[in-house]
Amino acid sequence: MTEVRTRFAPSPTGFQHIGGFRTALYSWLLARHFGGKFILRVEDTDQERRVAGAIKYLLESFEWLGVDIDEGPSSAELDLVGEPYKGIGGDFGPYIQSQRLPLYKEAAEKLIATGFAYRCDCTPEMLEKERLEQMARKELPGYSGYCRTRNVSADTRHVVRFKMPHKPSITVIDAVKDRVSWDQVPMRDPVLLKSDGFPTYHLAVVVDDHHMRISHVLRSDEWLSSLPLHVLLFDAFGWEKPIFAHLPAVLGSDGKKLSKRHGATSLETFKSDGYLSQALLNYVVLVGWSPGEGDEQEIFKREDLIKKFSLDHVNKASAVFDYNKLIWMNGMYIRALSFEEFTAAAKPFLDQAGMQMAPERWKIIAPHVQERVRALNEIAPMIEFLCRDQIEREMNSMFHKEIDVSRAKQILKLADQKLSGLGDFSVAEIEGALRGLAAELNLKPGPMFGVLRVAVTGKKITPPLFESFSALGREATLQRIRETGVLLENVPAQGG
RNA sequence: GUCCCCAUCGUCUAGCCCGGUUAGGACAUCGCCCUUUCACGGCGGUAACGGGGGUUCGAAUCCCCCUGGGGACGCCA
């Protein structure tokens with residue numbers, strides 16, 4: 001088998017969304033699976049739509065995801081398009097299409113010489129007029145082929161069009177869709193080379209995939225309908241065709257194509273919401289692919305993914321992106337982190353919340369927080385009570401059928417005494433004291449701890465109580481218990 | 001309008017190619033257990049082959065039609 005070479009070929013017209021990254025991920029996985037090469041090629045043949053910074057964003061995103069690229073734009077190429085960044089390079093460059101123009105020109109001329117293409121000097125205005133007339137007559141809009149038989153000079157401003165066969169019969173075996181057939185092509189003499197000298201997507205993709213020796217073309221299935229053109233083009237050039245794999249779409253929960261309305265779609269947002277890149281990668285790969293054959297594994301190490309990935313089990317149908325499952329998976333990944341990794345991951349989120357914490361404190365509380373969060377941005381709210389001088393208290397959560405205001409006051413007062421008398425404000429000491437108190441009062445620990453929980457942390461849902469107290473320290477803990485006692489003085493006696 | 005693609009629990013999917021399963025797993029949801037709250041973990045429940053025709057002893061699986069969804073028909077990609 002010849003070397004497996006896959007490419008991801010985005011156009012820098014905006015910020016790649018999660019569906020686009022999935023295509024890249026599958027290409028990358030396939031290359032790695034077969035020990036081949038993964039190539040990044042930038043398709044910037046539409047100068048009008050190019051967005052500054054798009055390539056750099058792409059490169060940074062791949063870096064965050066840990067997707068390594070074997071060949072791609074070099075630093076020099078990136079400088080040329082005004083997006084300086086550390087480049088990649090490779091033997092088949094340039095990897096930015098706007099820097100490959102002579103290649104397309106040459107290819108188009110070859111097609112004219114061999115009778116597969118012709119020059120056309122019809123202006124956009126003429127074409128628009130033609131289209132309107134066709135629509136008025138309820139005909140299929142499309143170029144009439146007026147210039148097919150004319151001899152348009154190479155010196156006039158013109159485009160190069162492909163001479164579409166009248167009744168092509170084309171069957172392609174697609175690696176995910178299987179057999180796909182056409183007996184007519186839904187395109188009439190498409191433009192290959194634009195009048196500005198830039199190629200259209202169709203010409204560029206075929207020429208580049210050939211010259212870059214791409215073995216597998218993975219792309220979104222909205223391209224399926226232009227596949228016959230590409231096949232015809234490969235044949236016209238006399239080039240061997242790559243294997244095609246057209247991937248189904250990723251949808252939002254309403255069944256429409258995934259967009260911002262559905263929630264986060266840019267990697268940037270996932271990152272700032274506290275998703276781990278490994279978790280996101282794992283989940284995204286699972287949208288539309290499964291190991292199949294009764295294999296029920298869902299959490300995959302990068303190596304597992306590379307080992308098991310195959311086009312055979314890519315789904316034909318489009319899939320809905322499920323944020324629920326993603327956040328579940330993210331939680332699994334967070335829990336699997338070592339203490340050091342979790343600490344490092346949490347840092348930016350604590351910094352952002354303006355929260356500082358002494359290492360001793362963090363060490364006590366971190367493992368319990370790690371066990372509880374599903375995304376990194378849930379950390380700060382959970383341990384706010386450790387970092388703020390003043391806290392808001394959800395007072396109503398304190399009461400219970402066995403606990404009214406006077407009972408709560410009593411608990412606070414006695415807990416104050418018990419905790420004050422402790423030799424060491426350790427988790428074990430605190431636990432002993434408070435469990436002892438519950439026994440003395442003949443109260444169930446749950447409700448009684450609830451009073452202290454709200455008093456000290458302000459919240460109903462927190463990390464475990466003794467650890468929280470220990471991390472907070474004796475002084476602050478007692479102070480909050482006393483503050484709460486004062487607050488309760490102002491509550492009507494019957495309480496909650 | 002023409003052409004192409006797609007169709008299993010609410011969601012992601014296994015099973016389909018090579019007909020025979022109590023149609024399996026995961027997320028979500030509900031209940032129970034564990035338990036100081038929450039989370040984790042454990043156990044259990046609800047929940048699917050879009051419809052209609054064939055072929056066959058037997059169809060989620062093979063064939064046809066319908067319906068529904070998506071895509072394409074540009075000097076955009």
Side-chain angles (χ1 to χ4, degrees), chain A residues 9-11 13 43-46 48-49 120 122-124 127-128 131 135 138-143 157-161 174 177-178 180-188 190-196 198-202 204-205 219-228 246 248-249 251 253 255-257 283 286-299 313 315-329 331-332 335 368-374 382 397 431 434-435 438 444-450 452-454 457 459-466 468:
Chain A
S11 56
T13 53
E43 311 219 322
D44 62 340
T45 56
D46 187 350
E48 289 179 16
R49 293 205 309 157
C120 164
C122 296
T123 62
L127 296 173
E128 184 55 28
R131 197 168 297 133
M135 307 244 275
K138 307 224 158 149
E139 285 174 15
L140 224 99
Y143 180 61
R157 189 175 172 87
H158 66 279
V159 302
V160 175
R161 287 181 183 274
D174 185 274
K177 304 285 186 186
D178 289 336
V180 190
S181 307
W182 293 263
D183 51 15
Q184 75 179 81
V185 173
M187 270 186 264
R188 289 208 257 163
V191 171
L192 262 21
L193 201 65
K194 303 184 238 181
S195 57
D196 60 3
F198 277 69
T200 58
Y201 171 79
H202 307 296
V205 79
R219 70 205 338 173
S220 147
D221 69 1
E222 62 192 310
W223 290 109
L224 197 55
S225 48
S226 49
L227 181 55
H246 287 86
L251 311 174
S253 47
K256 302 285 182 206
K257 238 179 164 174
Y283 175 71
L286 251 26
V287 179
W289 175 82
S290 71
E293 279 149 19
D295 188 338
E296 281 162 1
Q297 183 179 358
E298 293 201 296
I299 306 286
H313 288 100
N315 241 281
K316 292 181 178 189
S318 45
V320 173
F321 191 91
D322 184 358
Y323 291 88
N324 258 325
K325 191 155 183 175
L326 201 216
I327 201 165
W328 164 78
M329 191 170 280
M332 300 295 282
R335 272 170 235 118
H368 303 283
V369 174
Q370 181 175 4
E371 184 74 16
R372 264 151 259 261
V373 297
R374 290 131 81 223
M382 191 170 285
S397 304
E431 173 159 16
L434 295 181
R435 284 197 192 280
K444 278 194 220 139
M448 193 198 92
F449 292 168
L452 297 170
R453 187 184 305 281
V454 174
T457 71
K459 295 181 182 179
K460 187 169 57 172
I461 296 171
T462 71
L465 199 64
F466 318 125
S468 296

Item to check | Nucleic acid footprint by protein, nucleotides 68-77 of chain B - heavy-atom cut-off 4.0 Å, B for base, S for sugar-phosphate alone | outcome: --SSSSSBBB

Nucleotide N/O to protein N/O under 3.5 Å, stretch nucleotides 26-28 of chain B:
| residue | atom | partner | partner atom | Å |
| --- | --- | --- | --- | --- |
| A26(B) | O4' | E298(A) | OE1 | 3.1 |
| A26(B) | O2' | E298(A) | OE1 | 2.4 |
| A26(B) | O2' | K325(A) | NZ | 3.2 |
| A26(B) | N3 | K325(A) | NZ | 3.1 |
| C27(B) | O2' | K325(A) | N | 3.3 |

Checklist entry - Quantified in whole Å, what is the C1' atom distance between nucleotide G70(B) and nucleotide U29(B)? => result 29 Å

Next on the checklist: Please give the distance between the P atoms of A7(B) and A14(B) as a whole number of Å.
Outcome noted: 10 Å

Item to check | Contact nearer the 5' end of RNA chain B, comparing F466(A) with D183(A) | outcome: D183(A)

Checklist entry - What about F466(A) and F449(A), are their ring centers closer than 6.0 Å? => result yes

Checklist entry - Reckon L465(A) touches a base, only the sugar-phosphate, or nothing at all at heavy-atom distances under 4.0 Å? => result base

Next on the checklist: So that I can tick it off, tell me whether D221(A) and K316(A) are bridged by a salt bridge, with the cut-off set at under 4.0 angstrom between side-chain N and carboxylate O.
Outcome noted: no

Next on the checklist: Quick check for you: among U2(B), A14(B), U37(B), whose closest atom lies nearest to any side-chain atom of K460(A)?
Outcome noted: U37(B)

Checklist entry - Considering heavy-atom distances to RNA chain B, does M332(A) or V180(A) have its closest nucleotide positioned more toward the 5' end? => result V180(A)

Next on the checklist: With a cut-off of less than 4.0 Å, is there a side-chain N or O of R335(A) near OP1 or OP2 of A39(B)?
Outcome noted: no

Item to check | Any N315(A) side-chain N or O less than 4.0 Å from OP1/OP2 of A7(B) | outcome: no

Item to check | Check: S11(A) side chain, D44(A) main-chain N or O, donor-acceptor pair, under 3.5 Å | outcome: no

Checklist entry - Reckon P463(A) touches a base, only the sugar-phosphate, or nothing at all at heavy-atom distances under 4.0 Å? => result base

